[in-house]
Peer 1: 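I have a structure here, written as structure tokens, and I will follow up with some questions on it.
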There are 2 protein chains.
Amino acid sequence: MYNLFFQNLNSKVQLTEEEQEQIKTYLTLKKLRKKQYLLQEGDVCKVIAFVEKGALRAYSVDENSNEHIIQFGLEGWTISDLYSFLTGEPATYNIDALEDSELVIISKSAHEELLQTMPKYETFTRLNITGAYLAMQRRLTSIISASVEERYQDFINLYPHIAQRVPQHMIASYMGLTPETLSRIRKRISSK
Amino acid sequence: MYNLFFQNLNSKVQLTEEEQEQIKTYLTLKKLRKKQYLLQEGDVCKVIAFVEKGALRAYSVDENSNEHIIQFGLEGWTISDLYSFLTGEPATYNIDALEDSELVIISKSAHEELLQTMPKYETFTRLNITGAYLAMQRRLTSIISASVEERYQDFINLYPHIAQRVPQHMIASYMGLTPETLSRIRKRISSK
DNA sequence: CAAAAGCATTGATTTGAATCAATGTGCTTT
DNA sequence: AAAGCACATTGATTCAAATCAATGCTTTTG
């Protein structure tokens with residue numbers, strides 16, 4: 001059940017059997033049906049979720065009730081409203097399941113205790129957030145400097161598996177475009 | 001000379017005198033004149049720089065030789081091309097000084113040794129990157145979902161000191177706008 | 001199974017930002 | 001002090017994406 005999580009963990013910090021067992025005591029599993037919420041805007045985000053199976057999205061809703069996807073979470077990725085999780089402020093994002101999913105759940109107290117007691121867990125956390133930072137910087141750079149066409153190409157190249165599993169209008173949302181515009185961009189690209 | 005750096009460090013992880021002295025042995029100071037480069041695109045980024053005094057910017061240059069500012073670094077902030085620093089790949093950003101500046105320099109080997117030997121330094125690093133991640137996520141959310149006017153207002157509210165010290169066309173660049181557009185937006189806002 | 005909902009596409013029109021161009025102003029720099 | 005440059009503003013025009021609207025297709029669901 002925790003296979004992917006520990007695979008991921010081990011690839012970043014080598015753990016002994018005992019260490020793994022110890023960490024396991026802090027984790028819980030959660031299944032989410034398609035369309036179910038993991039987090040709703042306004043609630044405080046209590047957990048970090050590692051996606052063992054399935055797909056989720058984090059998104060905000062603006063005053064015109066347009067959804068803006070800030071992050072996808074597929075197998076092997078972590079998803080949360082980190083700001084809310086860390087500060088205890090109400091979440092500004094919603095997180096829900098795009099497919100039936102299985103999550104490894106780390107509660108706030110578990111996270112804090114692990115950070116305090118297991119140096120390797122802190123290293124793991126540091127490496128994770130660093131990876132997330134670099135991925136986001138890449139996305140930001142591309143938004144600021146590249147054309148929409150290039151951005152779409154980059155997205156497809158970087159995340160082909162997302163493009164296959166997620167409806168197109170959500171990719172448009174992730175890119176900050178309308179579905180119509182993305183459709184036309186795809187058309188333009190394919191006619192080359 | 002290292003005042004601000006240690007102030008910052010201490011605010012995140014409480015250090016003893018000895019620990020501070022130990023860390024100091026890993027640091028060097030560097031002064032940069034206005035317009036001098038800390039890093040040029042294509043070179044490998046060898047350092048993380050903490051800004052003690054002055055102001056820097058990290059930016060990329062696109063095929064039409066337009067500059068796109070990805071980050072400002074003022075007093076108390078850290079600036080680097082982290083991807084290049086961590087991977088050893090050539091940098092995709094340029095970093096230069098907007099004013100005469102003083103930097104606390106952490107070399108790659110220093111960074112690695114400190115991470116390995118001083119748990120508190122790792123914690124410091126983790127907290128720093130987490131803060132940077134949250135700031136960037138905020139920026140990204142605003143780009144994807146808010147109007148340019150709101151985005152400019154947010155920027156001014158969040159970083160009033162930057163707005164005061166940095167030429168307007170650089171703020172436009174940071175926002176992914178042309179200077180003309182930002183000028184018009186300011187006009188629109190002020191006429192309310 | 002039929003109805004409804006969700007999704008992608010296409011077309012016509014509007015809108016907002018980019019581009020091109022010119023001017024004014026204040027700083028450097030010599 | 002004069003010349004040159006960097007910067008901000010403003011105007012006119014172009015261009016790209018949003019919006020509004022309609023259609024057909026597929027997937028859910030009652």
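Quick note on labels: first sequence line is chain A, next is B, and so on, each numbered from 1.
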Peer 1: So for B/Arg188 and D/dT9, does any side-chain atom that can act as donor or acceptor lie under 3.5 Å from a complementary atom in the base?
Peer 2: no
Peer 1: What range of DNA chain C does chain A touch, first nucleotide to last, counting atoms under 4.0 Å from its heavy atoms?
Peer 2: C/dC7 to C/dA12
Peer 1: Tell me, do A/Leu98 and A/Met170 make a side-chain contact under 4.5 Å, heavy atoms counted?
Peer 2: yes
Peer 1: Any chance you could measure B/Thr125, atom OG1, to B/Ile106, atom CD1, to the nearest 0.5 Å?
Peer 2: 7.5 Å
Peer 1: Where along residues 158-183 of chain A does a heavy atom come under 4.0 Å from DNA chain D, residue by residue in number order?
Peer 2: A/Gly176, A/Leu177, A/Thr178, A/Glu180, A/Thr181
Peer 1: Is it true that atom NZ of A/Lys46 has more than 12 heavy atoms of other residues, nucleotides or ligands lying nearer than 6.0 Å?
Peer 2: no
Peer 1: Any side-chain heavy atom of A/Tyr93 within less than 4.5 Å of one from B/Gln137?
Peer 2: yes
Peer 1: Hey, what's the ring geometry for A/Tyr159 with A/Trp77, parallel, tilted or perpendicular (30° and 60° as the breaks)?
Peer 2: perpendicular
Peer 1: What is the distance from CD1 of A/Ile143 to C1' of D/dA17, rounded to the nearest Å?
Peer 2: 15 Å
Peer 1: Tell me: CZ of B/Arg184 to P of D/dC7, nearest whole Å?
Peer 2: 19 Å
Peer 1: If the plane angle is over 60° it's perpendicular, under 30° parallel, otherwise tilted; pick one for A/Phe72 and A/Phe155.
Peer 2: tilted
Peer 1: Atom CD of residue position B/Glu63 - does it have more than 12 heavy atoms of other residues, nucleotides or ligands inside 6.0 Å?
Peer 2: yes
Peer 1: Are B/Val51 and B/Leu32 grouped together when hydrophobic residues (ILVMFWY) are joined by side-chain heavy atoms under 4.5 angstrom apart?
Peer 2: yes
